[in-house]
Each structure stands twice: as structure tokens, then as C-alpha cells.
Protein chains: 4
Amino acid sequence: MMNRVVLVGRLTKDPELRYTPNGVPVATFTLAVNRTFSNQQGEREADFINCVIWRKPAENVANFLKKGSLAGVDGRIQTRNYEGQDGKRVYVTEVQAESVQFLEPKSSGGGGRSNDSYGTPPGEPQGGGNPYGGGNQNQRQNQNQNQNKGFTRMDEDPFAGNGQIDISDDDLPF
Amino acid sequence: MMNRVVLVGRLTKDPELRYTPNGVPVATFTLAVNRTFSNQQGEREADFINCVIWRKPAENVANFLKKGSLAGVDGRIQTRNYEGQDGKRVYVTEVQAESVQFLEPKSSGGGGRSNDSYGTPPGEPQGGGNPYGGGNQNQRQNQNQNQNKGFTRMDEDPFAGNGQIDISDDDLPF
Amino acid sequence: MMNRVVLVGRLTKDPELRYTPNGVPVATFTLAVNRTFSNQQGEREADFINCVIWRKPAENVANFLKKGSLAGVDGRIQTRNYEGQDGKRVYVTEVQAESVQFLEPKSSGGGGRSNDSYGTPPGEPQGGGNPYGGGNQNQRQNQNQNQNKGFTRMDEDPFAGNGQIDISDDDLPF
Amino acid sequence: MMNRVVLVGRLTKDPELRYTPNGVPVATFTLAVNRTFSNQQGEREADFINCVIWRKPAENVANFLKKGSLAGVDGRIQTRNYEGQDGKRVYVTEVQAESVQFLEPKSSGGGGRSNDSYGTPPGEPQGGGNPYGGGNQNQRQNQNQNQNKGFTRMDEDPFAGNGQIDISDDDLPF
DNA sequence: TTTT
DNA sequence: TTTT
């Protein structure tokens with residue numbers, strides 16, 4: 001069993017940083033990867049690939065990447081599913097990043113000098129979890145949590161508007 | 001822009017072989033890739049990754065792989081979306097295989113001796129397309145098409161039960 | 001900066017297991033990966049790729065793989081160089097495996113049930129080092145070390161007959 | 001059998017462009033890929049990985065990349081060996097690039113607008129060959145060839161100073 | 001025999 | 001200096 005993904009593309013918007021109730025950082029972002037070929041209409045399309053990264057590197061991603069940034073991702077494909085608002089099962093495929101590489105030339109005026117960001121330790125499972133929770137969780141607690149951490153909680157799922165609302169303990173990558 | 005995926009896993013069921021109205025073969029299958037780490041309940045989960053392959057290798061896949069077969073995939077992540085039956089946009093992420101490797105020891109009694117299957121020529125776009133069509137196509141024509149080709153048309157989307165029904169000209173990988 | 005390699009192939013001979021003076025296990029093996037295309041003479045050649053794995057997974061490799069075994073490797077390319085016996089610099093390119101996957105169907109009579117082998121933890125550098133040492137080290141000490149560990153020390157470099165003899169403290173992957 | 005490499009790094013010098021006697025372009029370059037971890041001395045080392053690309057993309061590489069350029073490579077590891085000047089067999093491991101991605105921000109004043117470079121078509125073997133020839137070929141013919149093509153022939157192997165001098169018909173990637 |  |  002092998003599962004390896006390498007991507008280079010640009011962020012479609014600023015990364016979202018959240019924290020699990022236990023305070024573990026998790027960042028999500030979508031990478032637009034332009035295809036290397038054109039479709040029948042002669043247009044060069046792109047793939048929009050949802051990515052997740054945990055822990056310290058999640059904070060680095062939030063600090064150093066923004067909409068339009070060129071970034072590389074080394075990780076694994078993970079799938080999960082949850083029950084949508086309409087009771088239908090929703091299937092999600094996303095990339096769990098083990099490392100994120102900042103490929104943007106360091107902004108001349110900026111402070112950033114770290115140049116890449118490593119994810120969950122291998123050996124230790126770097127695995128998955130749902131950074132948005134099952135859609136049915138009590139969000140009160142996290143809301144506080146989030147406020148304590150000084151970042152704004154999202155009410156929209158950054159990925160695909162699928163109505164998921166929160167992250168939970170089960171999202172811990174182990 | 002880079003986009004590369006390598007997977008090794010087992011087919012969750014027999015591959016589905018279809019043909020576009022123009023007679024281009026396309027096979028779809030789902031690979032179960034066991035994770036290398038356990039979750040908090042100590043269970044080793046799997047990821048279920050939808051894969052698509054076009055042309056001659058699609059027929060090889062249909063001929064040589066079946067439910068449970070161990071296979072390797074080298075390809076790209078592609079995303080697409082379509083309007084679901086309920087009018088909601090459905091987002092799909094799947095792997096466009098450029099090659100599929102048969103890792104099962106050759107069945108002693110079998111005929112197969114080819115050992116791997118190459119996808120769309122690089123250089124030529126190996127690109128995407130929706131092997132199930134946009135969900136709104138007229139399926140009469142393909143049904144005939146399919147009968148001509150001597151294989152049974154599916155009425156269920158093999159991937160995620162998303163109500164898509166058919167493949168169309170637009171699915172051609174170029 | 002990104003560096004990712006995924007291989008599936010067969011061991012050209014039994015893996016070599018050694019230990020650093022500090023007792024860290026390191027296994028080396030060569031993977032024969034058949035090419036998917038034929039040369040101008042119509043022959044299908046192979047690439048012979050030297051691989052290194054450290055620590056516990058090194059012992060798993062030594063226990064579960066042998067000449068001819070089908071295995072998958074996920075890792076990084078590393079390069080190093082040393083002074084050959086003739087005073088010329090020798091350049092070496094090899095794959096540092098982070099995980100090795102055993103793809104051989106479990107031998108019916110055998111004992112093996114573990115099915116893959118994980119390398120150095122990411123986050124922690126899984127990095128390089130020379131599993132054979134610089135060619136100039138005192139080998140007395142290691143010989144004892146090795147005897148303590150109950151395996152036979154090699155006097156030949158399994159890779160490229162390059163006259164390197166031993167592994168040293170500097171080989172520790174961190 | 002699978003063999004996939006993805007690299008992002010910087011060119012250690014300008015790429016070398018040559019032509020086979022049949023006029024097929026081949027470019028070689030070395031990518032410095034900084035490691036993501038530090039060694040025991042606390043230094044962050046790099047791997048220096050030799051890459052080869054054929055045909056039209058070889059010319060793109062020669063036109064758009066230079067020493068220090070950030071580039072991505074998607075390809076395969078290939079190995080070959082030849083008899084060195086001292087009669088000893090020399091083993092070479094290099095990456096046959098199928099595509100090279102130019103990750104440098106487009107130089108404001110420059111002409112380049114193509115943004116990546118695709119190698120030999122898959123399906124067709126994109127395979128190997130020795131971009132420097134076997135070391136024993138008659139170089140007269142190529143010299144003319146090269147002059148016809150309007151580029152300067154190298155007398156030094158850019159990779160490893162291994163005394164190889166020329167490229168031949170056998171290098172054609174099919 | 002190395003890149004920023 | 002190679003595997004099935």
C-alpha cells in the first residue's frame with residue numbers, strides 16, 4: 001500500500017487556520033494546479049485540490065502563504081465521508097500535506113525567512129481526520145477555544161461549501 | 001505547476017469499462033489504500049480513491065484486474081464538478097491514471113502476461129474529462145453505443161452514488 | 001525544494017543489514033525496476049537503484065525481503081561522494097527510503113505478517129548518511145559491534161564495489 | 001514496476017544542450033535540492049541530482065533556465081554504466097525528466113512566456129539513453145552536426161567529469 | 001563538484 | 001553489476 005502526492009500550484013485564497021478543542025493547529029487551503037494540456041476548447045484548465053496540514057507547519061502556512069502564493073505540497077490522498085444536511089452521505093477527497101514548501105521568492109519587504117514547513121512526523125501517523133468536524137458537533141466549545149486563540153472562526157466550510165462547521169477532538173492526526 | 005500521484009492498493013470491486021460515443025474506452029475503479037497508521041481507536045483505516053484510465057490501458061485494466069487485485073497507479077489528481085439531481089453543485093476529486101501496474105502474481109491458470117498498462121501519451125495531454133458525463137446528457141445514444149461494444153451499461157455511478165449517468169464526447173482526454 | 005521518489009521493483013539480492021558503531025541498524029538493497037518501454041534492440045531493460053533504510057524498518061527489510069522480492073519504496077534521492085582508493089572522487093546517488101512496502105504475497109509457510117516498514121520519522125530529519133562509511137574508518141570497533149549484534153559484517157560494499165568498508169557514527173540519520 | 005521522481009531545486013549551472021548525430025536535442029543539468037533537515041554539525045546540506053531531458057523541452061530548458069533558476073522535474077530514475085578511462089566500470093544514476101517546470105517568476109524584462117516543458121511522450125518510451133555517449137564514439141561526425149545546429153560542442157562531461165565525450169544514435173529515447 |  |  002502506497003499513497004504519495006506531490007503538487008505545485010497557487011493558493012486560491014488565504015489559508016484558514018483553526019484549532020482543535022485540544023489546541024492542535026490545522027490549516028486548510030486549496031491549491032490551483034494548472035493543467036499542462038488544453039481541453040477541446042483550447043483552454044488550459046486547472047485542478048482545485050483541497051489540502052490540510054496540522055500542527056506547527058499549519059501555523060507557518062497561515063503566516064507565510066496567502067491567496068496567489070506559489071506552494072509545493074508533499075503528502076497523501078485521504079478520503080472521508082459525512083452525513084450532509086440533507087441526510088445524504090458526502091464524500092470528500094483531500095490531500096493531507098506532510099510538508100508544504102514556500103516557492104514564492106521571499107517578499108523583499110517581508111519578514112519571512114523560514115522556507116518550508118514540515119507536517120506530522122512520519123513514524124507517528126501523520127494521518128487524517130476531518131479538519132471541519134462531522135457537521136454535527138457542538139460548536140459552542142470550539143468557538144470559545146477559537147476566541148482564546150485569537151483567530152476568527154469560520155462559519156463556512158472553506159472547501160466546497162459543504163455545510164460542515166467545526167473541528168473536533170477526532171481530528172487529531174493520530 | 002506540478003501534479004503527481006502514486007498509489008498502490010486493492011480494487012474495491014471489478015473495474016467498470018465504458019466507451020465514449022466516439023468509441024474511446026474508459027475504465028474506472030476504486031483503490032483501497034490501507035493507511036500505515038492507526039486511528040485513535042487503534043484501527044487501521046483505508047482511503048478509497050477513485051481512479052480513471054483511458055484508451056487501450058482501460059481495456060487492459062478491465063481484462064486483468066478485478067475486485068481485490070493489487071494494483072499500482074501513476075497519475076494526476078483531477079477535479080471537476082457538476083450539478084447534482086437536487087440542483088446542488090457536486091465536487092469530485094479523482095485520479096487520472098497515466099499508467100496502471102498489475103502487481104498481482106500472475107494467476108497460474110490465467111492467460112495474462114502483459115504486466116502493465118500505459119495511459120494517454122504524454123506530450124499529448126493525458127488530461128481529464130468526466131467518465132460519467134455531466135449528468136444531463138441524453139443517454140439513448142450511448143446505450144446503443146455500448147451495446148455495439150458488447151458491454152453492459154451501468155445505471156449507477158460506480159463512484160459515490162452521485163447520480164451521474166453517462167459519458168460524453170467531452171470526456172475525451174484531449 | 002522538494003525531493004520525492006516512489007519505486008516498485010524486485011530486490012537483486014538479499015538485503016544487507018549492518019549497524020553503526022552506536023548500534024543503529026541500516027539496511028541496503030538494490031531494486032531492479034523494469035522499464036515500461038523497449039530499447040532500440042527491442043529489449044526491455046531495467047534500472048538498478050540502490051536503496052538505504054535505517055533503524056527498525058531496516059531490520060524488517062532484512063527479515064522479510066530477499067532476492068527477488070517485490071517491494072515498494074517511498075523516499076528521497078540523496079547524493080554523497082567520497083575519495084576512492086585511487087584518490088579519485090566517487091559520486092554516489094541512492095534512495096533514502098522512508099518506508100518500504102512488502103508487496104510479495106505473504107509466503108504461505110512463512111512467519112511474516114507485518115506488511116510494511118516505516119523509516120525515520122519525518123519532522124526529525126530522516127536524512128542521509130553513508131551506510132558504508134567514508135572508506136577510511138577503523139573497522140575494528142565495528143566488527144565487534146557487529147558481532148555483538150549477531151550478524152556477519154560485510155567486507156564488500158554491496159553497492160558498486162567502490163571499496164568502502166564500514167559505517168560510522170556520522171551515518172546516523174540525524 | 002513503478003519509478004517516479006519529483007524534484008524542486010535550483011540549477012547548479014547553466015544547462016548543457018547537445019544534439020545526437022540524428023539531431024535530437026538533449027539537455028542536461030544538475031539540480032541542487034536543499035535538504036529539509038540539518039546534519040550532526042547543524043548544517044543544511046543539499047543533494048545534487050543530475051537530470052536529462054530530450055527533444056523540444058530540452059531546447060526550452062536551455063532557453064529558459066540558467067544557473068540558480070528554480071525548477072521542478074517530474075521523471076524517472078535511470079541507471080547506466082560505462083567503462084571508464086582506467087578500464088573500470090562506472091555506474092551512473094540520473095533522472096530522466098519527462099517534464100520540467102519553470103518556477104522562477106517570469107523575468108520582467110525577459111521574453112519567456114512558456115511556463116513548462118514536456119518531455120518524451122508517454123506511451124512511447126520516454127526512456128533513457130546516455131546523453132554523453134559511450135565514451136568510445138567517433139566524435140567527428142557530431143562535431144559537424146553540432147556546428148550545423150549552431151551550438152558549441154562540449155568536450156567535458158558536465159556530470160561527474162567521467163571522461164565521456166559524445167552522444168550517439170543509441171541515445172535516442174526510443 | 002555544485003544552487004539560493 | 002543485478003530482479004521476475
Side-chain angles (χ1 to χ4, degrees), chain A residues 101-106 113-116, chain B residues 101-106 113-116, chain C residues 1-3 7-16 28-35 44-51 65-73 79-84 88-93 103-105 156-162, chain D residues 1-3 7-16 28-35 44-51 65-73 79-84 88-93 103-105 156-162:
Chain A
Q101 183 67 25
F102 309 152
L103 298 172
E104 212 61 35
K106 39 238 101 240
R113 77 278 73 109
S114 170
N115 219 47
D116 65 69
Chain B
Q101 183 67 25
F102 308 151
L103 297 173
E104 213 62 32
K106 41 238 98 238
R113 77 277 74 106
S114 169
N115 220 49
D116 64 73
Chain C
M1 304 302 182
M2 310 185 79
N3 184 337
L7 305 171
V8 174
R10 291 188 183 277
L11 294 236
T12 60
K13 32 183 202 164
D14 291 354
E16 301 285 344
T28 56
F29 56 95
T30 298
L31 226 47
V33 183
N34 296 320
R35 296 185 186 167
R44 244 150 139 279
E45 297 175 76
D47 296 291
F48 299 97
I49 303 169
N50 295 331
C51 299
L65 295 181
K66 60 178 197 296
K67 179 174 177 174
S69 297
L70 188 69
V73 162
T79 60
R80 57 188 172 90
N81 61 80
Y82 63 93
E83 180 155 337
K88 281 201 344 185
R89 196 128 291 264
V90 180
Y91 294 88
V92 178
T93 298
L103 297 172
E104 213 62 35
E156 284 293 84
D157 182 349
F159 291 169
N162 54 18
Chain D
M1 303 302 181
M2 311 185 78
N3 184 339
L7 304 172
V8 174
R10 292 187 182 277
L11 294 235
T12 59
K13 33 183 200 164
D14 291 354
E16 301 284 345
T28 56
F29 56 94
T30 298
L31 227 46
V33 183
N34 296 320
R35 296 186 185 164
R44 245 150 139 281
E45 297 175 72
D47 297 291
F48 299 96
I49 303 170
N50 295 332
C51 299
L65 296 181
K66 59 176 199 297
K67 179 175 175 173
S69 298
L70 188 69
V73 163
T79 59
R80 58 189 172 89
N81 62 81
Y82 63 94
E83 179 156 338
K88 281 202 344 185
R89 196 126 290 264
V90 180
Y91 294 88
V92 178
T93 298
L103 297 172
E104 213 61 34
E156 284 292 85
D157 181 351
F159 291 169
N162 55 17

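Below, chain A is the first sequence line, B the second, and so on; all start at residue 1. Please read these numbers as outputs of a predicted model, since none were measured by experiment.
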#### Entry: side-chain hydrogen bond (donor to acceptor under 3.5 Å, both in side chains) involving D/N3 - partner list, sequence neighbours excluded
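So D/N3 forms no side-chain hydrogen bond (donor to acceptor under 3.5 Å, both in side chains) with any residue.
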
### Query
Can you name the side-chain hydrogen bond (donor to acceptor under 3.5 Å, both in side chains) partners of D/D14, sequence neighbours left out?
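Counting only residues at least two positions away or on another chain, D/D14 forms no side-chain hydrogen bond (donor to acceptor under 3.5 Å, both in side chains).
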
Between [atom2] on [N] and [atom1] on [X], what's the gap in Å once rounded to a whole number?
X: C/K66; N: F/dT4; atom1: NZ; atom2: C1'; value: 12 Å
X: C/E16; N: F/dT2; atom1: CD; atom2: C1'; value: 13 Å
X: C/R89; N: E/dT2; atom1: CZ; atom2: P; value: 10 Å
X: C/L70; N: F/dT3; atom1: CG; atom2: P; value: 15 Å
X: C/I49; N: F/dT2; atom1: CD1; atom2: C1'; value: 12 Å
X: A/L103; N: E/dT4; atom1: CG; atom2: P; value: 16 Å
X: D/E45; N: E/dT2; atom1: CD; atom2: C1'; value: 13 Å
X: C/L11; N: F/dT4; atom1: CG; atom2: P; value: 10 Å

### Query
So do C/M1 and D/R35 actually touch side chain to side chain, heavy atoms under 4.5 Å?
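Answer no - side chains too far apart.
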
### Message
Less than 3.5 Å apart, any donor N or O on the side chain of D/N34 or D/R44 sitting next to an acceptor on the other?
### Response
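Side-chain D/A pair, D/N34 to D/R44: absent.
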
### Task
Give one of base, sugar-phosphate or nothing for D/G9, where a contact means two heavy atoms less than 4.0 Å apart.
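Here D/G9 touches no strand at all.
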
### Query
Salt bridge between C/K88 and C/E83, side-chain N to carboxylate O under 4.0 Å?
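Result for this pair is no, no salt bridge flagged.
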
Which one, [options], comes nearest to the side chain of [X]?
X: C/R10; options: F/dT4, E/dT4, E/dT2; answer: F/dT4
X: D/T30; options: F/dT4, E/dT2, E/dT4; answer: E/dT2
X: C/T12; options: F/dT2, F/dT4, E/dT4; answer: F/dT2
X: D/F48; options: F/dT4, E/dT2, E/dT4; answer: E/dT2
X: C/M1; options: E/dT3, F/dT3, E/dT2; answer: E/dT3

